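First the structure, in the form of structure tokens, and then the observations on it.
What you see is a predicted model; the values in this text were computed from it and never measured.
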Protein chains: 2
Amino acid sequence: MDNQDIRKAGLKVTLPRVKILELLENSTQRHVSAENVYKMLIDRDEEIGLATVYRVLTQFEAAGLVTRQNFEGGYAVFELDRGGHHDHLVCVVCGKVEEFVDATIEKRQREIAKEHGFEIVDHSLIIYGHCGNPKCHVG
Amino acid sequence: MDNQDIRKAGLKVTLPRVKILELLENSTQRHVSAENVYKMLIDRDEEIGLATVYRVLTQFEAAGLVTRQNFEGGYAVFELDRGGHHDHLVCVVCGKVEEFVDATIEKRQREIAKEHGFEIVDHSLIIYGHCGNPKCHVG
DNA sequence: CTCGTAATGAAAAAGATTCTCATCACCATT
DNA sequence: AATGGTGATGAGAATCTTTTTCATTACGAG
């Protein structure tokens, strides 16, 4: 029940919000920029403004429905928060993104935060590299 | 020998480049944005253009003198590469940044990259939290 | 010292995101 | 089912960060 998620976030169930949530659920790409979302909706002949896409994604983030990541490139990408947290492996050549979770790293992070007197709220771990695809390896 | 570092990077030793490198070495803040660098230099009555600051920082990054980080907020911060790599703890309230290195995490990252068929080039780990300062705690 | 070329500054351009404001649509209440 | 209040939307302007353009300047090889 998507609409319930929107309602739970204290937001009205409006067409743009429903469409954006649907798109995030059905998209083949898990990581999309605001521009991506906008263009995909326009391609589907949905009437929507870019400003609304930004607003809604920001609201979804605040509601914990979506996570915002600052990858390299100077823009943010959003992804649906399905269940658990995870980190990212990004191919610097083709841009492919893989996800992973590692208990050892998670645990060490909590220990490190404590050692420094920090109360951990969130974290972002991105490993950049060349993926398995031979085309993505330098000659 | 800063100027040698610049020369080694295949760059001419020019006033702006020398001034920026000096500033990065002497700054109390280790993590500065391009805007920061620009303003600091203007405050010191240095004649410099913002475009040059961006150009030089990008060149320094390519030369391995400086590291660029994409923190939250939509802009990049740069820091001088003194010796070793390290990760960051950032206070979400006051913006304070602490650095750390953890062998366990570094090792696991290499293992994870390998498991996924990635050849690791770089990584970025940022832990966000509330720092020790009582003012930075909610409630 | 001179000259070619790389580097610079200023301003314009580009790209990402946010804001403004008049109009519109959810939805609780009739 | 109609309606009104309020929050949401769209379009475009505005803002912010970063890059590009181009005429001018200055490093440094010879």
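- For B:Thr58, taking side-chain heavy atoms from C-beta onward, the closest of the listed nucleotides D:dT19, D:dG28, D:dG10 is D:dT19.
- For the pair A:Glu46 CD and D:dG10 P, the interatomic distance rounds to 10 Å; values are reported in whole Å.
- Atom C1' of nucleotide C:dT8 and atom CD1 of B:Ile20 are separated by 11 Å, given to the nearest angstrom.
- Atom C1' of nucleotide D:dA26 and atom NZ of B:Lys19 are separated by 16 Å, given to the nearest angstrom.
- Under 3.5 Å, the side chain of B:Arg55 and the base of C:dG9 form at least one donor-acceptor pair of N or O atoms.
- Between the side chain of B:Arg17 and the backbone N or O of B:Val56 there is no donor-acceptor pair closer than 3.5 Å.
- A sub-4.0 Å separation between OP1 or OP2 of D:dT19 and a side-chain N or O of B:Tyr54 is absent.
- Side-chain N/O atoms of A:Asp122 and A:His85 include no donor and acceptor closer than 3.5 Å.
- Rounding to whole angstrom units, CZ of residue A:Arg68 and C1' of C:dA16 are separated by 11 Å.
- In this structure, B:Phe60 places its CZ atom 11 Å from P of C:dA7, rounding to the nearest Å.
- Of the listed nucleotides (D:dG10, D:dT6, D:dG28), D:dG28 has the atom at the smallest distance from the side chain of B:Val13.
- Using modelled atom types, no side-chain atom of A:Asp43 and backbone atom of A:Met40 make a donor-acceptor pair closer than 3.5 Å.
- A:Thr14 comes within 4.0 angstrom of sugar-phosphate atoms only, judged by non-hydrogen atoms across all strands, and of no base.
- Residue A:Phe100 qualifies as enclosed at atom CZ: its count of foreign heavy atoms under 6.0 Å is above 12.
- Looking only at distances, no side-chain donor or acceptor of A:His130 sits under 3.5 Å from a matching main-chain atom of B:Glu119.
- Nucleic acid contact for A:Tyr75: sugar-phosphate only, since backbone atoms but no base atoms lie under 4.0 Å from a heavy atom of the residue.
- Nearest-nucleotide positions on DNA chain D for B:Asn70 and B:Leu11 put B:Asn70 closer to the 5' end.
- C:dA6 atom C1' lies 16 Å from atom CG of B:Leu15, rounded to whole Å.
- The CZ-C1' distance, from B:Arg17 to D:dA26, rounds to 12 Å in whole Å.
- Residue B:Leu50 is classed as a base contact, given a heavy-atom separation below 4.0 Å to a base.
- Taking only distance into account, the side chain of B:Arg7 never meets the base of D:dG28 through a donor-acceptor pair shorter than 3.5 Å.
- Spacing between atom CD1 of A:Ile48 and atom P of D:dA8 amounts to 14 Å, rounded to whole angstrom units.
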